[in-house]
Structures are given as structure tokens and as C-alpha cells.
Amino acid sequence: MVSPPPGAAAVAARTGLRVGPAPPPLMGSQGRLGPPGNGGPGEGEGGEARKLQEGRVARGKRRKGKGKGKARAGQGGRGSGAEGKPGPQTAKEAAGPGAEAGARACPREEAEGGGSVEEGARGIIKGDEGSAGAGKEAQGREYRKKEAWRVRARRREGARPGRAQRQGGQAWADIPGTGVAMAAEAGEEEEEAARESAARPAAGPALWRLPEELLLLICSYLDMRALGRLAQVCRWLRRFTSCDLLWRRIARASLNSGFTRLGTDLQMPWMQLEDDSLYISQANFILAYQFRPDGASLNRRPLGVFAGHDEDVCHFVLANSHIISAGGDGKIGVHKIHSTFTVKYSAHEQEVNCVDCKGGIIVSGSRDRTAKVWPLASGRLGQCLHTIQTEDRVWSIAISPLLSSFVTGTACCGHFSPLRIWDLNSGQLMTHLGSDFPPGAGVLDVMYESPFTLLSCGYDTYVRYWDLRTSVRKCVMEWEEPHDSTLYCLQTDGNHLLATGSSYYGVVRLWDRRQRACLHAFPLTSTPLSSPVYCLRLTTKHLYAALSYNLHVLDFQNP
């Protein structure tokens, strides 16, 4: 039993034909398939006709090679009998109008005789396939036109290497069955071409199409201004000129090579800056030098010399056109800057290690474990206002900008904090800072940045930043000297830069207060001449460092 193939209705719909139901199979005289013949009752004849008919169908299958459904389309009935002719219901009538259309499409096969129904169905399918093939061919031509247009466009845009490979791949688009793959590949190639166009300028001088190694060599002769202008041309040049290889040479040339030596034989100096002059202590004198216009060198001859101490000057400050100095002889000297007026009076039993002056008030700290408050008024010089027992040696001292208190930094030999704040008017203890100082963590330098914030450093190798509004028990931030060296002094620009001077090999370190790691270190002495950095002074253009035997300057403008 052979039934109409699936899809025949679809074929008829496309061709405008109507396919009716196939007639039911009839039983022959011996119970075999096939309609009764016109007078030939022989079973063998009908069987031979049927075998001949099936042979034609098989040959049709082999010729077409289109699958089972196409070979079996249109089998509406079979002929039987002695001559193999159709029965009362002919094969053409059983197959419907499709057989006639198939016969017109394939006249040669119909002329061969026999199996006209099957041949007609195959003709229908063949005609349908022909129309479908024509549609596919039209689509292929349209696709090839579009691809040819894309290739010409890429040629006009000056596509880089890979174009020949894409053109070779275009030939594969003419082969049936490769259209989808080639379309996907063409899409990827278009994206790649777009990325390449963004990476390299499509038009412009041929110089930009050189290999990157040659461009790097050419651009290495440009300065920073020329590189900056070149980066404004396009995105690709902006990316190219940001290469580290181009900027490394410029960055190295911009780094400071180190401090410049300005003086010798200072012997534990201290210094201060005022306008265009530098004041520095040398033994028991204080010398005033005027800067040259570059700010990185000093005139050889001093502007003034201030004397009066019998021993070395340990510390001094500038205030109200006066120089207030503290000496190893236990005396405090008051010098008028623009005159020869000098007053010296005994202040402590031992050397005066530190002194500060603000608002007409002088405070001093001594090795005799006391801190004292003095007036600056000329009629009251030498009259002590308050004597404060600190119970430890005082190494550093600073008056608050509010003129209401002052802080002392001691040697930390007792069981109390080395940082304590005292009332300036009454001399009473107000508070102490920190609670975790180890024994011997003496504070060698302390300074106020604002009425509520201050910085300290000393023997414990730490720089600490305190905010009195937050806590007096714990510092806000701290920085540790990496080489476990005592920090003698510190200085800040009031913003983010912090400079410290250590005891080993005279190392000056620059810190960014927003991070804990050191930015840069400058070792200023060698092993035979190792000296601590006793004092640092900082301006917007220069950093000055005073050691035992020389003075150094770091120029931020001319490295």
C-alpha cells in the first residue's frame, strides 16, 4: 500500500492545484493488491506490471536523489492487467490535475510509457524545485551585490592587512550552502575592520601607518609639550602617546637629583626663614643670610651676626622683629633683628633645649625638667610668669595659635605621656596626649598646624598626627620611619606634603599625608660624615635641611 506523500498538499497549494483523496486499494482475484484488469485475470501479469511500475519509481528515486518524500509524491494508483494499462479509474484521473502538469513539465518521461502518475508528480516537484532554485539564485545574486559593495567600500576606506583574505573568502559565497556562514564571517570581519579603523586613523599622513616601533623612536625625540599636542589629534594618537616608554625619559629628567650643599661647620644648627633671608645658628652665633634671586643659593657674606651666648645656640625663633634664642648656657637671648639691641638673662639651671614665642609671650623648656613662661615686653624681660615642673627633660615646646595653651614634649622616662598640654595663663596641666607610648619614646619636635591639630615625632621613629576634637588618647594618623631611625625634626606645607629628618645618614623623607608609604628619600651624608638632620624648613619652591656640617637645599623648580 502506497499513500500520498506528506507535503503534497503544500506543493499543490504553491502551484494552484487541488489534490483530492487517493482511492482506496482494491483486492484482486487472489487477494493481492491492484485493481481488476480489463479482461486479463492473470495474477502473474498484474504482478509483473506492478514490479515494472515499482522499478520505474526506484529509477526515479535514484535519478533525483532528493529524498523519500519527493520520489513518492503523486502515487495515486497503479495499473494492472496484461498490458499494464489503468483500470476504470485511470491514473491521470486518480492523480488529478497534477499529473497533467507533471506531464507537461516532463514530456520525455511521459512518452516512455507507464507510471505516468508518478512521473507527473515528479514533474510537479521538479517544477516547484526549479522555481525555488530560481528564488535562491536571485537571493544569491543580491547577496553578492551587497558583498561587492562592502568590499569596494572597504577599499575606499583604505582597509589595513586582512583585506586580501576577506576578498578570497568572498569567492566561497558563490558556492550554494555557504551563504549563512559567509554572512556571519562577513559580520565579524566588518566589526574587526571597524575596530581597526578606530585604532588607526583611516586618513592622514603616511607617517601614522608606519610600524609602532618606528613611531616610538620618532616620538622619543619630542618634549612633553609636543607629546601633549600630538595627543589632541585623534584617539589613536592619544593612546599611542600615553605609552610609558615615551614618558619615562621625561619623568626621570623631572626627578630631583638631590640637595645642594650651601654651607659647612654648623655644629648642631637650627634655622628659620623670613622673607628673602635665612637665619641659621653656628656655634654660639646666629647668622642671617640673604637669598640670591634663584632662591637655591645664599650670598657669601651674612647680613647680620647675633651673639650673646657663652655656649652653642640650641634653638631660636623669630617673632615680632625679634630673635629669641635658647643656649646651652641656660640663658635666653632677645635680639632685635634690625638693630644691635640684645638682652640676655638666666632662665634655667641647665641648657635650654627649646623655646617658642607668640603674642608677646615666651615659653622655654630645659633639661632641668621645667618649663617656664616669660613676657616679651622690654620692661619685663627676665621676669618669669610661671614655672612648671614637668618631671622629665623637655625636648620640644610649642604655643597654640589660640594663645591659650602650649604643649611640651619630654623624654618619656616616667610612667606618663611625653606629650602634655598646659594652660598658658595659669600653668596648670590641661590634658596629656596618647596612652600607648613605650618607655624612652621622647618627643624631639612638635608643631601646631591649627588650634586643634598638631604633629609630633621623636625617638620612637613615628610621626603622629593629633586632632584634639576627635580624641586625646589616640592619634588620627601615624607614619613610621622605615629604617627604625630617630626622627629629629618635621615640617609640613599645611596641605598634604610632610618632610622628616632622621638621625642615620641624614636622610630626608617626603611623605604624602593621604597614604602611609614614603614618597621619596634623600640620604644627605655618607658613613664617615654621618649626621642627623637637625632642622627642616619648607617653602613652596624649596626645602632646606640643616646637618652638623653643612646646609642642603632641594629645589622643586629646577631639579
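- Here the side chain of Asp368 pairs a donor or acceptor atom with the backbone of Glu349 at under 3.5 angstrom.
- Two residues are said to be in side-chain contact when any heavy atoms from C-beta on lie closer than 4.5 Å; Asp312 and Gln282 fail this criterion.
- Between Gly365 and Ile397 the shortest heavy-atom distance is N-CD1, 4.3 Å.
- The stretch residues 318-335 participates, sequence neighbours left out, in these side-chain hydrogen bond (donor to acceptor under 3.5 Å, both in side chains) pairs: His309-Ser325, His309-Asp329, Ser325-His335, His335-Thr342.
- For the pair Arg513 and Tyr465, the cation-pi criterion (under 6.0 Å, within 45° of the ring axis) is fulfilled.
- One distance of note links CG of Leu444 with OG1 of Thr486; it measures 7.0 Å at 0.5 Å rounding.
- Salt bridge annotation for Arg464-Asp460: present, with a cationic side-chain nitrogen under 4.0 angstrom from a carboxylate oxygen.
- Leu216 places none of its side-chain heavy atoms less than 4.5 Å from the side chain of Glu213.
- A donor-acceptor contact closer than 3.5 angstrom is absent between the side chains of Asp512 and His496.
- With values rounded to the nearest 0.5 angstrom, Glu449 atom CD is found 10.5 Å from Asp467 atom CG.
- A distance of 8.0 Å separates CG in Leu468 from OG1 in Thr431, rounded to the nearest 0.5 Å.
- When all heavy atoms of Val443 and Trp395 are compared, the closest pair comes out as O-CB, 3.3 Å.
- Residues passing the ring pair (Phe, Tyr, Trp, His ring centres under 6.0 Å) test with Tyr345 are Trp374, sequence neighbours excluded.
- Of the possible polar contacts, one joining the Arg537 side chain to the Met271 backbone as a donor-acceptor pair under 3.5 Å is found.
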*Go through the steps to decide whether Val553 and Leu543 satisfy the test side chain to side chain contact (heavy atoms under 4.5 Å, CB included), and finish with yes or no.*
CA-CA 6 Å; Val553 58; Leu543 175 63; over 6 Å; no

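- For the atom pair CZ of Arg393 and CD of Gln350, the computed distance is 9.5 Å after rounding to the nearest 0.5 Å.
- With respect to Arg509, the side chain to side chain contact (heavy atoms under 4.5 Å, CB included) criterion is satisfied by exactly one of Cys518, Ser502, Ser485: Cys518.
- In this structure a side-chain-to-backbone donor-acceptor pair under 3.5 Å is missing from Ser297 to Arg292.
- Both tests hold for Arg420 against Phe416: distance to the six-membered ring centre under 6.0 Å, angle to the ring axis within 45°.
- Ring geometry, Phe291 versus Tyr544: the interplanar angle falls from 30° to 60°, so the pair is classed tilted.
- Heavy atoms only, all atoms of each residue included: Leu403 and Gly359 are closest at CD1-CA, 4.1 Å.
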*Check step by step if side chain to side chain contact (heavy atoms under 4.5 Å, CB included) holds for His432 and Arg473.*
CA-CA 8 Å; His432 61 270; Arg473 299 302 179 190; 2.6 Å; yes

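- The two residues Leu215 and Leu210 make their nearest non-hydrogen contact at CD1-O, 3.8 Å.
- Pairing each heavy atom of Thr241 with each of Ala231, the nearest pair is OG1-CB, 3.2 Å.
- No side-chain heavy atom of Tyr488 sits less than 4.5 Å from a side-chain heavy atom of Val533.
- Proximity of Leu497 to Thr492: side-chain heavy atoms (C-beta onward) are nowhere separated by under 4.5 Å.
- Judged by distance alone, the side chain of Asp356 and the main-chain N or O of Val363 form no donor-acceptor pair under 3.5 Å.
- Under the 4.5 Å side-chain criterion, counting only non-hydrogen atoms from C-beta, Leu547 is in contact with Leu524.
- Atom CD of residue Gln428 and atom CG of residue Asn425 lie 11.5 Å apart, to the nearest 0.5 angstrom.
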*For side chain to side chain donor-acceptor pair (under 3.5 Å), just list the numbers for His348 and Thr370, CA-CA rounded to whole Å, side-chain angles, deciding distance to a tenth of an Å, and then say yes or no.*
CA-CA 8 Å; His348 294 271; Thr370 62; 3.1 Å; yes

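- Within the 4.5 Å cutoff, no side-chain heavy atoms of Tyr448 are placed close to those of Ile399.
- The minimum heavy-atom distance between Ala441 and Phe437, with the atom names listed, is CB-CD2, 4.1 Å.
- Phe306 and Tyr279 have tilted rings, their planes meeting at an angle from 30° to 60° on a 0 to 90° scale.
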*Show your working on side chain to side chain contact (heavy atoms under 4.5 Å, CB included) between Ile421 and Leu433 and close with a plain yes or no.*
CA-CA 8 Å; Ile421 297 178; Leu433 302 180; 4.1 Å; yes

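- Taking OG1 of Thr500 as the start and CD of Gln491 as the end, the distance is 11.5 Å to the nearest 0.5 Å.
- Residues that satisfy the side-chain contact (heavy atoms from CB on, under 4.5 Å) test with Gln290, not counting sequence neighbours, are Asp276, Asn299, Leu303.
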*Please lay out, stage by stage, how Val463 and Leu498 fare under the test side chain to side chain contact (heavy atoms under 4.5 Å, CB included).*
CA-CA 10 Å; Val463 178; Leu498 178 66; 3.8 Å; yes

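- Side-chain atoms of Ser281 come within 3.5 Å of backbone atoms of Trp270 as a donor-acceptor pair (strictly under, hydrogens ignored).
- Annotation: side chain of Leu536 is not in contact with side chain of Leu490 (no heavy-atom distance under 4.5 Å).
- Residues Phe285 and Val313 are not in side-chain contact: their nearest non-hydrogen atoms beyond the backbone lie 4.5 Å or more apart.
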*May I have the step-by-step check of side chain to side chain donor-acceptor pair (under 3.5 Å) for Trp422 and Ser405, ending in yes or no?*
CA-CA 5 Å; Trp422 311 83; Ser405 61; over 6 Å; no

